[in-house]
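In what follows, a structure is listed as structure tokens, so that the remarks can point back to it.
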Amino acid sequence: MLALVLVLALCCCSGAEEIKIGACIYRFNDAFMLRFRNAMAEESGNAGAVITMADGQDDQNTQDAQIDDFIANGVNVLIVNPVDRMSSQAIIDKAKAANIPVVFINREPTPEMLATYDKAYYIGAKAEESGTQSGQLIADYFKAHPEADKNHDGKIQFVLLRGQNGHQDMILRSKYSVEAIRDAGFEPVEVAGAIANWDKFEAMTIMNAFFMAIGAENIEAVIANNDEMALGAVEVLKANDYNTGNPEAYIPVVGVDANASALEEMKTGGLLGTVLNDAENQGTAAVRLAVALASGKDTGSIGYGITDGKYIWVPYRKVTRGE
Ligand code: GAL
Ligand code: CA
């Protein structure tokens with residue numbers, strides 16, 4: 001009798017039953033998160049797990065209700081891309097009360113929050129790394145093209161397009177891109193900067209205003225916290241006959257993500273470069289970790305190393321034309 005009970009218990013824990021994953025995405029309408037969702041859907045298929053994804057529509061209250069629903073419907077594990085990463089504690093508390101693991105992605109809870117639950121994890125990429133790399137892309141360009149320093153003052157006059165307020169990628173990419181320029185021996189000067197919320201159209205409106213107010217001759221580079229905003233800037237430049245092939249009318253623009261649309265724009269020369277934000281590996285790792293945790297399997301054999309018992313870090317990589 002006892003043996004039978006043990007066997008049954010083992011069956012349940014060894015994944016014989018289908019794992020149900022509830023995944024909360026801050027907003028479906030985000031080019032980078034679309035890549036992330038595709039990777040998670042594919043890996044769930046490979047793992048024989050059932051994943052349900054909910055669109056938080058950039059609203060934390062909406063997402064909180066979705067988390068409640070997932071828990072009420074008996075998901076075995078949560079994957080959460082919080083709308084507001086500072087709301088992660090409440091999410092951790094709910095997961096803990098339901099005794100299900102929670103894997104955060106893309107928007108990083110604080111270490112203090114993660115420490116409150118042994119089944120809370122974070123999968124992402126080190127934001128400062130992407131900042132450094134995008135600044136290096138600009139510095140490398142100025143080294144190879146001294147004429148890019150249009151006013152010959154040894155400084156790089158740049159426009160900075162920032163992502164959403166409070167996001168670690170907005171804070172650290174902004175900081176480290178500028179620092180990388182300085183480390184390369186140029187003095188960075190921010191001639192204009194604004195928050196464009198990762199959004200191409202917001203970036204277009206802002207860039208257009210900057211372009212009119214400052215003048216193209218006073219802008220030597222554009223640094224955007226992501227590709228969508230970089231592409232918005234490129235569109236404005238092109239509409240003003242910049243970055244269309246005339247070397248006399250060119251402003252180097254860099255983004256982050258390496259979305260397909262950015263790679264296209266690099267081919268035709270509108271965009272100087274970007275940094276690969278590896279949604280494919282992050283999404284795959286998130287699902288593998290979620291499945292391992294939900295089925296009680298060894299998290300050491302998922303193919304991605306876990307750091308400090310809490311983190312999976314996926315590296316960034318610079319991408320320039322021809323790569
Ligand atoms: C960043 C990405 C942005 C945006 C954001 C959403 O990592 O570079 O494009 O998707 O995440 O949180
Ligand atoms: Ca200059």
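Atoms within each ligand, like the ligands themselves, are counted from 1 in listed order.
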| query | Are the ring centres of Y311 and Y304 closer than 6.0 Å? | reply | no
| query | Within a strict 4.5 Å, meaning less than it, do heavy atoms of the S134 and K318 side chains meet? | reply | no
| Given side chains that start at C-beta, do those of I123 and F104 come closer than 4.5 Å, heavy atoms only? | no
| task | Kindly assign one of parallel, tilted or perpendicular to the pair F186 and F142, based on the angle between their ring planes and the thresholds 30° and 60°. | result | perpendicular
| query | Any idea how F36 and F32 line up, ring-wise: parallel (<30°), tilted (30 to 60°), or perpendicular (>60°)? | reply | perpendicular
Using heavy atoms and a threshold below 4.0 Å, how should the contact between [X] and ligand 1 be classified: side chain, backbone, both, or neither?
{"X": "H167", "value": "side chain"}
{"X": "R107", "value": "side chain"}
{"X": "R173", "value": "side chain"}

Could you identify the single nearest non-hydrogen protein atom to [atom] and state the distance to 0.1 Å?
{"atom": "atom 9 (O) of ligand 1", "result": "D257 OD2, 2.6 Å"}
{"atom": "atom 1 (C) of ligand 1", "result": "D169 OD2, 3.3 Å"}
{"atom": "atom 10 (O) of ligand 1", "result": "D30 OD1, 2.9 Å"}

How wide is the angle at the Ca ion (ligand 2) between [atom1] of [X] and [atom2] of [Y], to the nearest 10°?
{"atom1": "OD1", "X": "N151", "atom2": "OD1", "Y": "D153", "answer": "70°"}
{"atom1": "O", "X": "K155", "atom2": "OE1", "Y": "Q157", "answer": "90°"}
{"atom1": "OD1", "X": "D149", "atom2": "OE1", "Y": "E220", "answer": "100°"}

| message | I'd like to know: is the Ca ion (ligand 2) within the 3.0 Å range of an N/O/S atom from V189, strictly under that distance? | response | no
| said: Please check if the number of heavy atoms outside D308 that lie under 6.0 Å from its CG is greater than 12. | reply: no
| query | Measuring from I219:CD1 to F211:CZ, what's the distance to the nearest 0.5 Å? | reply | 6.5 Å
| request: For D64 and Q60, test the side chains for any donor-to-acceptor distance below 3.5 angstrom and give the result as yes or no. | output: yes
| query | Side chains of D149 and Q157: donor-acceptor distance under 3.5 Å anywhere? | reply | no
| remark: ligand 1 atoms nearer than 4.0 angstrom to some heavy atom of N277 are 2 (C), 7 (O), 8 (O)
| message | I'd like to check which ligand 1 atoms, numbered from 1 as shown, lie under 4.0 Å from a non-hydrogen atom of N106. | response | 1 (C), 6 (C), 7 (O), 11 (O), 12 (O)
| field | Test of proximity, N226 against ligand 1: N or O pairs below 3.5 Å | value | yes
